[in-house]
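Reading through the structure tokens given below for one structure.
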Amino acid sequence: MEEKFRIAVGISGNAASMLLYAAPIFTFSKVIRKKSIEEYSCVPYIMALLNCVLYTWYGLPVVSCKWENFPVVTINGLGILLELSFILIYFYYASTEGKKKVAMMTLPVLLLSSSVVLLSAFAFHDYHHRKAFVGSIGLVASVAMYGSPLVAVKKVIQTKSVEFMPFYLSLFSFLASSLWMAYGLLSHDLFLASPNLVGSPLGILQLLLYCIYRKRGGVKQSQKWDLETHSEKSEQHLEVKEGAIDKPIQYLKVDEEKDDEKANQQQLQVVVTDATKVEWSVMRYLLLAVGISSRVAGNDHDGGGGGGGFNSTFN
């Protein structure tokens, strides 16, 4: 009965640890969307990577007796893949200075993990000493992992906002540490129980901080939202005003076009009038010329009586 309960707790611990390792998916989806790491810290993911590597090695038959810690191997093996993915995404979107910091922290972790694996495999020749050696270093790494989210506590207290302290990371950290503490006690394995005796209270502390500063951050967020909404309305109002200004300008252009048309029509009327006057003048001069020629012909014929009546009539 006790063995079945231990296995059940181990499976529950696996589920909680899987949620813990997968919790940063929400954070990194935001990082990818914004293409910026903003104020997030890479320390929790690097410490989690160290913890996963050490406890995967701890659970393998090389260190443990056969497969007595098989649940430890499965979940921490998955954790290695997830944490490596998060660190690579963080490195990709970090600034040049941020990339240097990530490299300076990740390389020592990989060197330490490799050194522990090699020393435990070749320097010790029995399970007891290998477990003591790897378990002691894993204990420190596990405490560092559970306490790593506290890196953001200083910023949380200064800004009075929990924006950059992920809630799910703190919640699943508390659940996983509590379940693995129970699993370690049931297995009589202090190297599994001891770090979680520290991790569980640290998880509670993080959740308390989140509850304290969440409401204050919510008020600031609502004020920020109001400001953004007000600015959007102001921009729309300005656009409407600009549209209202554009309409009189359009009306002025139409009026100018109408005035131009009227001016052109008046010019055409003047031209037509002038042309008519010229035509009448030409016709008058032609008629005068005809009258004069007729008068001259009459004078030559009978003394000039015929054309005078026409000329006088014309005049």
Side-chain angles (χ1 to χ4, degrees), residues 15-53 75-110 113 141-142 144-177 199 202-203 205-207 209-225 227-229 231-232:
S17 294
M18 185 174 67
L19 293 173
L20 171 63
Y21 296 143
I25 289 175
F26 298 103
T27 300
F28 281 94
S29 62
K30 182 179 177 182
V31 168
I32 293 171
R33 187 172 63 253
K34 292 188 175 183
K35 297 181 179 180
S36 171
I37 59 171
E38 298 183 313
E39 298 295 327
Y40 292 109
S41 173
C42 65
V43 175
Y45 316 112
I46 295 174
M47 292 297 101
L49 176 63
L50 176 61
N51 176 79
C52 289
V53 171
I75 189 58
N76 285 285
L78 177 62
I80 291 173
L81 296 177
L82 289 173
E83 300 305 328
L84 278 175
S85 301
F86 298 145
I87 292 170
L88 289 174
I89 294 171
Y90 190 98
F91 183 83
Y92 182 79
Y93 288 106
S95 61
T96 305
E97 188 66 25
K99 289 178 179 178
K100 290 180 181 178
K101 290 181 179 179
V102 174
M104 290 176 65
M105 294 182 65
T106 306
L107 290 176
V109 165
L110 296 177
S113 303
S142 186
M145 181 190 72
Y146 288 129
S148 58
L150 294 174
V151 173
V153 168
K154 182 179 179 181
K155 184 174 290 295
V156 168
I157 295 173
Q158 287 177 343
T159 61
K160 297 182 179 179
S161 171
V162 293
E163 183 180 1
F164 299 109
M165 190 176 77
F167 169 73
Y168 292 109
L169 190 63
S170 301
L171 175 63
F172 296 139
S173 176
F174 166 69
L175 291 176
S177 59
L202 288 176
L205 175 61
Q206 294 168 37
L207 292 174
L209 285 171
Y210 191 90
C211 292
I212 292 171
Y213 291 105
R214 177 175 172 270
K215 293 181 180 179
R216 298 180 184 180
V219 172
K220 289 184 178 180
Q221 186 68 21
S222 63
Q223 292 176 350
K224 181 181 177 182
W225 175 259
L227 289 172
E228 290 177 353
T229 306
S231 64
E232 288 178 359

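Count residues from 1 along the sequence.
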Derivation of the side-chain contact (heavy atoms from CB on, under 4.5 Å) call for Leu19 and Leu175: CA-CA 9 Å; Leu19 293 173; Leu175 291 176; 5.8 Å; no
Begin with the C-alpha distance, continue with both residues' side-chain angles, and end with the deciding distance and a verdict on side-chain contact (heavy atoms from CB on, under 4.5 Å) for Tyr168 and Thr27. CA-CA 10 Å; Tyr168 292 109; Thr27 300; over 6 Å; no
What distance separates Ile89 CD1 from Ile32 CD1, expressed to the nearest 0.5 Å? 4.5 Å
Atom pair CZ (Phe91) and CD1 (Ile87), whose distance is rounded to the nearest 0.5 Å: 11.5 Å
From Leu205 CG over to Leu209 CG, what is the distance, rounded to the nearest 0.5 angstrom? 5.0 Å
Within the 4.5 Å heavy-atom criterion, are Tyr90 and Phe28 side-chain neighbours or not? yes
Over all atoms of both residues, closest heavy-atom pair of Leu82 and Ala22: CD1-N, 4.1 Å
Under 3.5 Å, sequence neighbours excluded: what are the donor-acceptor pairs made by side chains of residues 97-104?
none

Residue list, salt bridge (charged side-chain N to carboxylate O under 4.0 Å, His left out) with Lys34, at least two apart or on another chain: Glu38
Could you state the interatomic distance from SG (Cys52) to CD1 (Ile75), rounded to the nearest 0.5 Å? 8.0 Å
Does Tyr21 have its ring centroid less than 6.0 Å away from the ring centroid of Tyr45? no
Can Leu49 and Phe86 be said to form a side-chain contact (heavy atoms from CB on, under 4.5 Å), step by step? CA-CA 10 Å; Leu49 176 63; Phe86 298 145; over 6 Å; no
Nearest heavy-atom neighbours spanning Ser113 and Leu50: OG-CD1, 3.4 Å
Working to the nearest 0.5 Å, report the span between OG of Ser36 and NZ of Lys30. 10.0 Å
Got a second to check how far Leu207's CG is from Arg214's CZ, nearest 0.5 Å? 12.5 Å
Measure up the Tyr210 and Phe167 rings against each other and bin them: parallel (under 30°), tilted (30 to 60°), perpendicular (over 60°). tilted
Got Asn51 and Glu83 here, is their nearest side-chain heavy-atom distance under 4.5 Å? no
Run Met145 and Leu20 through side-chain contact (heavy atoms from CB on, under 4.5 Å) and show every step you take. CA-CA 11 Å; Met145 181 190 72; Leu20 171 63; 4.2 Å; yes
